[in-house]
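Here the structure is laid out as structure tokens; the discussion comes afterwards.
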Amino acid sequence: MRNPFTYHPKRCVNETWWEHCKFTLHVSARLYITSLVFIVHGFFPFINIPKWLNLEDTINFLKEENEDRESKSL
């Protein structure tokens with residue numbers, strides 16, 4: 001019987017459970033902060049969104065993180 005905690009990380013990106021957990025926490029923290037800033041901006045449009053949290057930079061962040069993972073699985 002395969003271990004559900006290690007099967008996906010090992011099969012998809014050749015990571016340990018802990019490496020996979022750190023990656024997902026890192027990405028989710030960034031997206032959480034971005035979401036909070038956008039919610040505040042929605043209520044207070046005069047508060048600017050920092051460049052590193054704008055949509056374009058967030059998309060680039062996700063692309064770079066994904067590229068790093070793809071290179072690990074090769």
Side-chain angles (χ1 to χ4, degrees):
M1 180 171 156
R2 66 182 180 213
N3 184 337
F5 289 98
T6 59
Y7 180 73
H8 164 73
K10 191 65 164 169
R11 182 177 58 92
C12 294
V13 286
N14 198 27
E15 291 178 334
T16 65
W17 175 87
W18 181 242
E19 290 171 325
H20 192 67
C21 185
K22 287 191 309 188
F23 169 78
T24 57
L25 291 173
H26 172 70
V27 170
S28 63
R30 167 68 184 263
L31 294 176
Y32 179 72
I33 292 167
T34 301
S35 297
L36 289 178
V37 169
F38 270 80
I39 290 168
V40 169
H41 176 72
F43 284 106
F44 306 102
F46 51 87
I47 297 176
N48 292 327
I49 296 172
K51 183 183 180 327
W52 70 278
L53 291 175
N54 70 19
L55 289 177
E56 186 176 344
D57 279 11
T58 299
I59 290 168
N60 289 333
F61 165 78
L62 292 171
K63 284 181 180 180
E64 289 170 10
E65 291 295 317
N66 193 48
E67 286 172 2
D68 289 345
R69 292 172 63 74
E70 287 175 352
S71 66
K72 283 176 69 175
S73 66
L74 296 176

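Only this structure's heavy atoms are used, side chains among them; waters, hydrogens and symmetry mates stay out. Keep in mind that this is a model prediction, so the values were computed, not measured.
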Spell out, yes or no, whether [X] and [Y] are grouped together once hydrophobic residues are joined by side-chain heavy atoms under 4.5 Å, including indirect joins.
{"X": "F43", "Y": "L36", "answer": "no"}
{"X": "I49", "Y": "F46", "answer": "no"}
{"X": "V37", "Y": "L31", "answer": "no"}
{"X": "L62", "Y": "F23", "answer": "yes"}

Pairs satisfying side-chain hydrogen bond (donor to acceptor under 3.5 Å, both in side chains), at least one member in residues 32-49, at least two apart: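 Listed once each, the pairs would be none.
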
Minimum-distance pair of heavy atoms, taken over all atoms of [X] and [Y]:
{"X": "P45", "Y": "G42", "value": "CD-O, 4.2 Å"}
{"X": "N14", "Y": "E19", "value": "O-OE1, 4.4 Å"}
{"X": "W52", "Y": "T58", "value": "O-OG1, 4.5 Å"}
{"X": "W17", "Y": "F5", "value": "CD1-O, 3.2 Å"}

Side chains of R30 and L53 in contact at under 4.5 Å (non-hydrogen atoms):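 They are in side-chain contact.
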
Measuring from atom [atom1] of [X] to atom [atom2] of [Y], what distance do you get when rounded to the nearest 0.5 angstrom?
{"X": "R2", "Y": "R11", "atom1": "CZ", "atom2": "CZ", "value": "7.0 Å"}
{"X": "K22", "Y": "H26", "atom1": "NZ", "atom2": "NE2", "value": "11.5 Å"}
{"X": "T24", "Y": "E65", "atom1": "OG1", "atom2": "CD", "value": "11.5 Å"}
{"X": "F61", "Y": "N66", "atom1": "CZ", "atom2": "CG", "value": "11.0 Å"}

Which residues share a salt bridge (Lys or Arg N to Asp or Glu O under 4.0 Å) with K51, sequence neighbours left out: D57

